Each structure stands twice: as C-alpha cells, then as structure tokens.
Enquirer: 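Pasting a structure here, questions to come.
Chain identifiers are assigned alphabetically (A, B, ...) following the order of the sequence lines, protein sequences preceding nucleic acid strands; residue numbering begins at 1 within each chain. These numbers come from a predicted model, not from an experiment.
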Amino acid sequence: MHENEELKKPYNPTEHEDLIYKKWEESGFFNPDNLPGERGESFTIIMPPTNANGNLHAGHGLVMTIEDIMIRFNRMAGKKTLWLPGNDHAGFETQVVYEKELEKMGRSRFDIPPKKLYKEIWDFTQNNRSNINSQVKKMGSSCDWSREKFTLDEDIVKTVYQTFKKLFDDDLIYRGKRIISWCPKHQTSFSDLEIIDEERIDKFYYLKYGPFIIGTTRPETKFGDKYVVMHPNDKRYASYKDGQKIDLEWINGPITATVVKDESIDMEFGTGVMTITPWHDAVDFEIAERHNLDKEQIIDERGRLLPIAGEFAGMKITEAREKMIEKLKLKNLVEKIDDNYKHNVKLCYKCNSLIEPQIKSQWFLKMRPLAEPIIKAIEKKEIKYIPEHYEKISLHWLNNIIDWNISRQITWGIPIPAKICEKCGGGFPDLENKIETCPKCGKKTRTDGDTFDTWFSSGQWPFASLGYPNSNDFKTFYPTQVMETAGEIIFFWVARMLMLGLYITGKLPFNAVYLHGLVLDAKGRKMSKSKNNVINPLDLTSKYGTDALRIAMVIGNTPGTSLALSEDKLKAYKHFANKIWNIARFVLENAPELPKGVFWDRGSLKTPFGSDSFGEENKKYIEEFNALVIDVTGDMENYRFYLAAEKLYHYTWHTFADIIIEESKTNENTKKILMFLFREQLKLLHPFMPFITEKIWSMLPDTKNLLMVEKWPTN
RNA sequence: GCGCGGUUAGCUCAGUUGGUAGAGCGCGUCAUUUACACUGACGAUGCCGGGGGUUCGAGCCCUCCACCGCGCACCA
C-alpha cells in the first residue's frame, strides 16, 4: 500500500507549480541538446517575441498554452524539440507605452534628446523583459531559455542590416518621395496596415470654383488647389481643353487654375469635376504624378495650416474648416452643403487621430517580387494554414499588395543604416558608416535619422533568431515546423516572415501556420482598460492553477475563433485537476504495482501481458484505451488540441473514474490494470496539464524520469 | 463594391471523412461513516437562422435569402 500524505488534501497548485518548473529547468531538457535518446528529426517553434513593454495578457496565456502543448507532445514523441523564446523591442508600440508613462510624469518625448530617450526606453524594456519572462514561466512554458533572444541583440541587428543592404542591392528597396500616411499626434509615418478605416457621416461641400462646382469633404486643404480635373470623355466639359488656364476668384483672392483631363475621374460622382491637393491625398498625388503637376504642402506635420492659408495659417484643420466656409459663404462661393454624406476616414490605429497624408522621403520595399513566390508556394500547398480559410485571406492580401513604407520617425527602434544626400535626396545603405558624399551627385550626406518599422525586423525573426547564416542552430532547426500566433497579425507578421524568410534563406521559414483568435471576457467583449474587463492570466493561475487555465483555454477553442474566458469555466477545470488528484490517491492506495519492466508495447499498442491475463472485461478496457491513444495522437498531429483535450477529459472522468475505478471496487481483476492505464493517461494529459501530471508522476512507483521526457504512448 | 467567417440547449461553444445532436456553466432530483463536497449519481431543455436542392439518409454537401462580425478596396 502506497501512502502519500500530500494526496490526502485537495490539490493545491500554488504549492507545487514553482517547484516543478524549477525541476524542469534544472533538468536541462528545455534545451534540445540535452534531451535523452536518439533524436533525428527536429521540431521547432519560434515563440512570437513578446513585446517588452508591459505584462502578460490573456492572449499571451493562450500563445504559451498552445505552443507548449505542441512542444511537449513532440518532445515526448521523440523529436529534437526546440522552443525559442524572445522579446520584441516593438518599436512604435513601446514608444507609445513609454510616452504615456512620460505624460504621467508631465514630460514629453519631443523635449527629450533622442539619445537620452533611447536609453530610457532601453532600461524600461529591460525591466519588462525579466518581468515578462517570469510570467511566461508561470504558464509552464517549456522553452529553451539558454537561447532567448531580443530583437535588439547585436547579431539580430546585424542580420537586419544585411537584409536591408541585400534588398537595396537587388533593387527591391528604394528611397522615394511619396505620399504616406502620417499621424499628427505621433509624428510618424505608417504603412497601410497601421491605418484603420471608420465610417463617418460628414458634411459634403459644393464650392464654386470659377465656372465649375467642385465637391469636397475637406475644404481646409483647398487653399493651394490650382488644378481642376475632369474626365476626358465628359461631354459637359468638352469645351475645356487639357492644359487650359482659367482665372478665378478663390479663398484668399484671385488665382489661375489649370484644366487637367484624367480618366480616373468618376463622371457619376458629384459634378464630375474636382480640384486636387496632391500633398495631402493619395488619389490626388497619383494624378499629379501622371501629369507632372506641382505639389504644395498645405498642412504641417502637427496638423496645422501653413502660411499658404493666409489668415488661416497656424490653425488646426478642424478649426479652420468652419471658419473658411464662413468666408467662402461671404464671398458667395458655397453652392450648397450636404449634411449627410457617408464616407470612410482613415485613423491612426493607436490614437484614432485623423490620418493626414503627407509627401515624405521614405524607404519603400517593393512587395510584388517578394509576394509572387509566396503566392506560388501557397497555391502549391507548401504552407498549411490552420484554420484553412486563412489561406484565402492571405492570397487576397498578397495579390493586392502595395509597397511597404519601412521608415518610422521615432527614436525607439533599429536605426536605418543609411546616408541621405542633402542635395538630391538620394538614400544609400551604409553599414560601415563610411559614406560622406553622395555617390550620385557628390554632395554632402547626412545620417538617416529614422528607424525601421518594427515589423521589418520581426519579419526576419525565424532565421535571425536562429543565428542565420552560419550557426549550427540555423542548420539544425530551420525551417521551423509551425508558426503559432494571433490571426490578427497575419499580414503584419506572418506574410512578411514568409516573404523575407524565403527571400533571404531560400526556404520558407515554416511549413504550417496556426492562428488563434482573440481572448475575450466572459461576456464575449474585447478586453480593454477602458472597459475595465482585462483579465490577467496570472490572477487566474494563482486562483485556479495553471493547469486549469491551460486546459480551459484549449477545450472548446477552435483555431481562429475567439474565446470567451469565464471564471466558471476555469472553476470546472480546477475541479478536473482535483479529480485527477483523487484518482491518483485511489490508484496509489488500491492498485497493485505493475510487475517490474512492464511497459506499453509501443509497436502493437498492446500490453505485454497479453489481454488474457487481465480477463475478458479488461480486454475491452484495453482496447478502448488503445482506440483513445490512436485518436488523440491523430488529433495532436493535426493540431486539433481542442478535440484531444476534450476526449481525454471525458475518458479520465467518465470512463476511467466512473466505470473502471468503480468496477475495480468489486472486481479484483480490474484493479490490475488501474496502474497501467493511469500511467499512460498521465502521459497523454501531460501536454495539457503539465504540472499536476508531473507531480503525480513523481509519486508513482518505478518512475525515475521526469514525465516531460517520457515517451508518448504510440512512440 | 469585393472577399472571409458566423448563426446549434438559458449562457459560452464543440460537433475532424454525411449515418437518429454534445460539453462546460447554469437548472432540477437524490446521495454524506464514499478515492474525490474543489464530490458523486441521475435528469430536463434543441423545427442545428429561413427557403429550395442532392442523397436511402443532411447540423455537415449544393443553391438562394436574412441577420451578426471581420477584412480589403474605395469617388473628390
């Protein structure tokens, strides 16, 4: 009879979890180099680097759970298993977080010298890193801390620089003076992905512009408008010739306008005539480019009108709008105002400020040539998307991809290693910091003060973090097997990793993409500080145990679908953990030990006893268990963790406990298989509930090894 | 406008290849010298969004429609 005092009380997770994690860490088995046995095939997951700017949130909890399940399963299945953790400097995101800290102290980033600001944010992220990492450990994550990377590590930055240079040399990166999306609050440009659309109802103004009526939602940009554009086939305006000059009275006095004919004009819309503001509108910019027209800046970087606006100069655009309409009314230049115009506006995804397009010199990455091979790879099914419909979503985006602005006007990030000619504006990568004069025009150059879009570096993470190009790790673990991350960042991150990974290494960085949904609150609402419904995963682990949180996040949560996380659900799985605990007590107190050297026959999935020695009724139980093992293994291999977990839950509770244990109370023969079935069950449950299974494993007789490196039943 | 999801028990959601609907919570009844009250046993609750079709058979496949959510593109 096996006595164990610990088992006499209910399972108390907090009593065991830290100790068990310590045991795992000390074993060295998180590091694939230390794993026991012959392991030919490798299995690698690169952890999405956590932003080093705050705490673990519920979404991280899900990442850590799903990835750890895959990792533990494959480790037990005998693979050389690596899970590489990391932190992301998260350029703009972190800068925004830090700016809020500054605001609380009554400071502003615009008053701090860049070098000092950089140092402050550096210290801030380093503190957060250790904090985040300890939280990752709380989730039971069996990642290899000896290989932990940071996106600002010297070798990572070096890799990013070399990629930049190679892209430039291959004519895939260019410096262009083009229209970009500019946030007047954050004072930086963005790529198209950082912009959100919002439908709004605004006024639509019909203004008299010489002989024409033009329509606009943004009269405050119209000060400098001197081109009036119409469709070449528009019969109403056939008498006006392309290039014709027209003198007319405008906002601040008489001007000379030029007629431009362009086929992009929609004859059905408004009056079929518009004026253009190339500096502050993407469509207008394109028209101006096509016809080689002048472009003039009207609004400054902070969203205020420039001297061209005359008496309105210095005003914020919203303020100027009403005032200039008043003036136009007095000048009798307002035809009519439609109060009910529905249209979309572009907003900064972070602060919801109205995006103010500006023309700026920036570095752009040509995306078409990078996207083409990925489109082909997806069509050839070389990338498995889980769930499948992300394949279509990806293809749609890749087929319509536009060039990527990778310059950001922020301090926190990887500085762009380039020189800019002060005369001709040309830009040149300069990794060794040697260029002083422009290779094109010979004039003086200055250092580019911008930093990379953070996704430019994280897009290289799979190969960069493995030490591309010469390390053993890169050779052993690249390409990785699966990228598991949030569906939300499929374009931001996943698509770009595919493109940059294939471009640089010649191989896709991963063969499968597993995308999880959002973690919502119990009522299915998105978590946000303003709604005060943010769930801290660590509060839940301390209350219900990490195992309960993990399995609650998995069961009923299909990939790609959002998960409503309720405490009731956690309570249920805390009960399940306790159930396992009590099963352990019963088995240890009642089941005879297995004869020495008796193991699962891995080849045939039969016990070496032969079912005869268990009797007919036990044969049924063994076969039932065999079927479960095969079923669950299939689910694990095909990323159906939600099904595997649910099947195990039901087997343990409603077959093993309710039927087999109950029968064993009256049937001595059934008692003989309890230990055997329980031991194998613990292995199956371990990826989902690593702490309690490891703890119980250590109490079983004849279990010297850690459960985390035991062999999976089919292996 | 184009595209992608979703609609299943009161709530949150599963249902992998078509074979008479499942889980958790909640609800009801019973059980306390029981491995387990952080419990167990038993139970109730569904025109599987609507119409049409394929099939011996449809929650699942096809088609149309409605509603909800999301993405992309946008015309001033």
Enquirer: If the test is ring-ring contact (aromatic ring centres under 6.0 Å, His included), which one of Phe691(A), Trp581(A), Trp697(A) qualifies with His16(A)?
Expert: Trp581(A)

Enquirer: In whole Å, measure the gap between the P atoms of rA44(B) and rG10(B) for me.
Expert: 15 Å

Enquirer: If I take atom CZ in residue Phe492(A) and atom P in nucleotide rC72(B), what distance separates them, rounded to the nearest angstrom?
Expert: 9 Å

Enquirer: Is Lys392(A) side chain donor-acceptor paired with the rC4(B) base, going by distance under 3.5 Å alone?
Expert: no

Enquirer: Rounded to whole angstroms, how far apart are NZ on Lys574(A) and C1' on rC36(B)?
Expert: 14 Å

Enquirer: Among rG15(B), rG40(B), rC36(B), which nucleotide has an atom closest to any side-chain atom of Asp658(A)?
Expert: rG40(B)

Enquirer: Determine: side-chain N/O of Tyr642(A) to OP1/OP2 of rG15(B), distance under 4.0 Å, yes or no.
Expert: yes

Enquirer: Let me have a per-nucleotide readout for nucleotides 23-28 of chain B, 5' to 3', with B, S or -, counting only protein heavy atoms under 4.0 Å.
Expert: SSS---

Enquirer: Under 4.0 Å between any heavy atoms, over every strand shown, what does Thr216(A) touch: base, sugar-phosphate, or nothing? Just pick one.
Expert: sugar-phosphate

Enquirer: Looking at rA76(B), rC38(B), rU34(B), which one has an atom nearest to any side-chain atom of Asn578(A)?
Expert: rC38(B)

Enquirer: Classify the nucleic acid contact of Ile393(A) as base, sugar-phosphate or nothing, counting any heavy atom under 4.0 Å across all strands shown.
Expert: sugar-phosphate

Enquirer: Please verify the inter-ring angle class for Trp455(A) with Trp493(A); under 30° counts as parallel, over 60° as perpendicular, anything in between as tilted.
Expert: tilted

Enquirer: By nearest atom, which of the nucleotides rA73(B), rA76(B), rG71(B) is closest to the Asp197(A) side chain?
Expert: rA73(B)

Enquirer: Only Watson-Crick and G-U wobble pairs with both distances less than 3.5 Å should count. Give RNA chain B in dot-bracket notation, marking inter-strand partners with |.
Expert: (((((((..((((.....[..)))).(((((.......))))).....(((((..]....))))))))))))....

Enquirer: Could you tell me how the ring of Tyr349(A) sits relative to the ring of Phe190(A): parallel (under 30°), tilted (30 to 60°) or perpendicular (over 60°)?
Expert: perpendicular

Enquirer: Quick one: Asn582(A) CG to rA35(B) P, roughly how many Å, whole number?
Expert: 10 Å

Enquirer: When all nucleic acid strands are considered with a 4.0 Å heavy-atom cut-off, which category describes Gly487(A): base, sugar-phosphate, or nothing?
Expert: nothing

Enquirer: Which of these nucleotides, rA76(B), rC36(B), rU16(B), is closest to any side-chain atom of Phe204(A)?
Expert: rA76(B)

Enquirer: Measure OH/Tyr206(A) against P/rA76(B) and give the value in whole Å, please.
Expert: 11 Å

Enquirer: Taking only side-chain N and O atoms of Arg585(A), does any of them lie within less than 4.0 angstrom of OP1 or OP2 on rC36(B)?
Expert: yes

Enquirer: Nearest to the side chain of Lys579(A), which nucleotide is it out of rG40(B), rG5(B), rU16(B)?
Expert: rG40(B)

Enquirer: Under 4.0 Å between a side-chain N/O of Thr561(A) and OP1 or OP2 of rA14(B), yes or no?
Expert: yes

Enquirer: Can you tell me how far C1' of rG40(B) sits from CD1 of Ile661(A), to the nearest Å?
Expert: 13 Å

Enquirer: Students often mix this up, so state it plainly: with edges at 30° and 60°, are the rings of Tyr240(A) and Tyr237(A) parallel, tilted or perpendicular?
Expert: tilted

Enquirer: If only side-chain N and O atoms of Trp653(A) are considered, is one of them under 4.0 Å from the OP1 or OP2 phosphate oxygen of rG40(B)?
Expert: yes

Enquirer: Could you check whether Ser264(A) gets within reach of a base, just the sugar-phosphate, or nothing at all, counting any heavy atom under 4.0 Å?
Expert: nothing

Enquirer: NA contact type, Ile265(A), heavy-atom cut-off 4.0 Å: base, sugar-phosphate, or nothing?
Expert: base

Enquirer: Describe the nucleic acid contact of Ala552(A) in one word from base, sugar-phosphate, nothing, applying a heavy-atom distance below 4.0 Å.
Expert: nothing

Enquirer: For rC60(B) versus rU55(B), give the span between their C1' atoms, rounded off to a whole number of Å.
Expert: 13 Å

Enquirer: Do we see a donor-acceptor contact under 3.5 Å between the side chains of Lys9(A) and Asn12(A)?
Expert: no

Enquirer: Between Glu391(A) and Lys381(A) (salt bridge meaning N to carboxylate O under 4.0 Å), is one present in this structure?
Expert: yes

Enquirer: Taking only residues two or more places apart in sequence, or in another chain, which ones meet Asp539(A) in a side-chain contact (heavy atoms from CB on, under 4.5 Å)?
Expert: Asn536(A)

Enquirer: Quick one: Leu395(A) CG to rG71(B) P, roughly how many Å, whole number?
Expert: 19 Å

Enquirer: Does either side chain, that of Trp712(A) or that of Thr633(A), offer a donor lying less than 3.5 Å from an acceptor on the other one?
Expert: yes

Enquirer: Strictly below 4.0 Å, N to O, side chains only: are Asp234(A) and Arg236(A) in salt-bridge contact?
Expert: yes

Enquirer: Taking the nucleotide of RNA chain B with the closest heavy atom to each, which residue, Thr217(A) or Ile195(A), is nearer the 5' end?
Expert: Ile195(A)

Enquirer: Are Arg178(A) and Phe364(A) in a cation-pi setup, meaning NZ or CZ lies under 6.0 angstrom from the ring centre and within 45 degrees of the ring axis?
Expert: yes

Enquirer: Less than 4.0 angstrom between a side-chain N/O of Tyr639(A) and OP1 or OP2 of rU16(B), yes or no?
Expert: no

Enquirer: For a quick check of understanding: with a heavy-atom distance under 4.0 Å over all strands, which category does Glu199(A) fall into, base, sugar-phosphate or nothing?
Expert: nothing

Enquirer: Measuring from the side chain of Asp192(A) (C-beta onward, heavy atoms only), which nucleotide among rA73(B), rA76(B), rU16(B) has the closest atom?
Expert: rA73(B)

Enquirer: Would you say the side-chain atoms of His650(A) pair up with the backbone N or O of Thr655(A), donor to acceptor, closer than 3.5 Å?
Expert: no

Enquirer: Write down the distance separating the C1' atoms in rC4(B) and rA41(B), rounded off to the nearest Å.
Expert: 46 Å

Enquirer: Do the side-chain N and O atoms of Glu567(A) and Tyr544(A) include a donor-acceptor pair separated by under 3.5 angstrom?
Expert: yes

